[in-house]
Amino acid sequence: MNNYMTEKTELPAWMCRQEDYIPSKDREAFLTKSTKSVLAVLAKLRFHEGKDGRFSASPSFKLFYTIVYIILTACSRNYLFVLIMCAAVTVRLAFFPAKSICQVLSGTAGAVLISVLLLLPAVFMGNPQTLANITARVYVSVTLVGILSAGTSWNKLTGSMRTFRIPSLFIFTLDITLKYISVLGEICIDILRAVGLRSVGKNPGKAKAFSGVLGITFLKSSEMAEEMYASMCCRGFTGEYSIGQKYKIRVTDIFYILVTVGCVGLFFYLNRGM
């Protein structure tokens with residue numbers, strides 16, 4: 001019997017040959033644009049705590065005066081009041097951190113640009129004041145919503161909706177939809193990253209890869225929906241949003257109440273007789 005320790009083993013020639021494979025170049029516009037689009041959406045969805053300022057009003061009152069300011073700006077027939085609201089909103093925005101200011105102004109810039117493009121023919125028809133008037137109102141309204149979002153944590157904003165007797169079904173749908181967009185967006189990022197790491201050379205079936213990403217995301221969404229339904233049943237969730245604590249009037253609330261009353265008084269003073 002031959003001893004296996006003395007046997008000579010030779011490597012095949014193809015294993016000793018140097019690897020000279022050069023993958024063909026391919027455009028990764030699909031993966032790059034898809035990743036950037038998903039990341040842009042996720043950057044706007046922030047549900048973290050700690051966004052409430054030290055001297056900010058209660059979430060219920062912030063939601064209230066934001067709606068009041070938007071209604072007053074939309075109903076004002078005096079352009080001076082709209083300009084005053086533009087200045088006040090800009091000053092209020094200046095108290096936020098630079099990151100929050102950039103986030104608010106990014107959404108405002110898009111809305112203002114769309115309004116300018118839609119109302120640009122009015123300038124050539126001899127009504128440039130219409131462009132300035134509508135654009136200023138859009139700036140005030142969108143910036144107020146951005147300030148409310150940047151200065152109020154999501155769970156407290158949801159609780160403030162129940163203060164105004166908004167139906168629980170509406171709050172539940174809004175809450176779950178936005179949070180599912182965030183979770184599914186993170187899943188899409190992981191899938192796109194996995195596709196990019198596994199892609200070697202030219203991929204002729206980009207439509208197949210795209211359908212695969214959508215299919216896996218759909219399956220994950222269906223699985224998460226079933227798990228969420230089971231967890232809600234285990235926790236005894238009946239569809240009602242209960243407020244853990246009742247907000248009481250604070251010193252900062254009194255200040256914002258006075259500001260709101262002054263804004264309403266200014267509205268009626270400037271719009272009298274018009």
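Atom set for the values below is all heavy atoms of this structure, side chains included, hydrogens, waters and symmetry mates excluded. These numbers were taken from a predicted model, which means no experiment stands behind them.
- Remark: Thr135 engages Val112, Ser115, Val116, Leu131 in a side chain to side chain contact (heavy atoms under 4.5 Å, CB included) (not counting sequence neighbours).
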Could you pull out every donor-acceptor pair under 3.5 Å between side chains of residues 222-234 and any protein atom, sequence neighbours left out?
| from | atom 1 | to | atom 2 | distance (Å) |
| --- | --- | --- | --- | --- |
| Ser231 | OG | Glu227 | O | 3.3 |
| Ser231 | OG | Met228 | O | 2.7 |

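- With sequence neighbours left out, Thr90 forms a side chain to side chain donor-acceptor pair (under 3.5 Å) with Tyr139.
- Leu105 and Leu93 get closest at one heavy-atom pair: CD2-CD2, 3.6 Å.
- Rounding to the nearest 0.5 Å places SG of Cys102 at 10.0 Å from NZ of Lys99.
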(request) Using the side-chain contact (heavy atoms from CB on, under 4.5 Å) rule, take Leu63 and Thr152 through it: C-alpha gap first, then chi angles, then the decisive distance, then the call. (result) CA-CA 9 Å; Leu63 180 61; Thr152 311; over 6 Å; no
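- Of the possible donor and acceptor atoms, one in the side chain of Asn271 sits under 3.5 Å from a partner among the backbone N and O of Asn78.
- Other members of the cluster containing Phe95 are Val91, with ILVMFWY side chains joined at under 4.5 Å, either directly or via other members.
- For Tyr65, there are no side chain to side chain donor-acceptor pair (under 3.5 Å) partners two or more places apart in sequence or in a different chain.
- The nearest pair of heavy atoms linking Ser100 to Ala150 is CB-CB, 4.4 Å.
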(request) For the pair Leu148 and Leu144, evaluate side-chain contact (heavy atoms from CB on, under 4.5 Å) and give the outcome as yes or no after the intermediate values. (result) CA-CA 6 Å; Leu148 177 64; Leu144 283 173; over 6 Å; no
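- By the side chain to side chain contact (heavy atoms under 4.5 Å, CB included) test, Leu118 pairs with Ile114, sequence neighbours left out.
- The CD1 atom of Ile101 sits 11.5 Å away from the OG1 atom of Thr143 when rounded to the nearest 0.5 Å.
- Summarising the geometry, atom CE belonging to Met85 is positioned 12.5 Å from atom CG belonging to Leu80; distances are rounded to the nearest 0.5 Å.
- When all heavy atoms of Val82 and Thr73 are compared, the pair lying nearest together is CG2-O, 4.2 Å.
- Considering every non-hydrogen atom in both Thr66 and Lys62, the closest pair reads OG1-O, 2.6 Å.
- Partners of Val142 according to the side chain to side chain contact (heavy atoms under 4.5 Å, CB included) rule, which considers only residues two or more places apart in sequence or in another chain, are Thr108, Ala111, Val138.
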Check residues 259-270 and write down every donor-acceptor pair under 3.5 Å in which the side-chain atom is one partner and the other belongs to a residue at least two apart or another chain.
| from | atom 1 | to | atom 2 | distance (Å) |
| --- | --- | --- | --- | --- |
| Thr260 | OG1 | Tyr69 | OH | 3.2 |
| Thr260 | OG1 | Tyr256 | O | 2.8 |

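- Arg137 contributes a side-chain N or O that, together with a main-chain N or O of Ser76, makes up a donor-acceptor pair within less than 3.5 Å.
- With sequence neighbours excluded, the residues satisfying side chain to side chain contact (heavy atoms under 4.5 Å, CB included) with Leu113 are Leu117.
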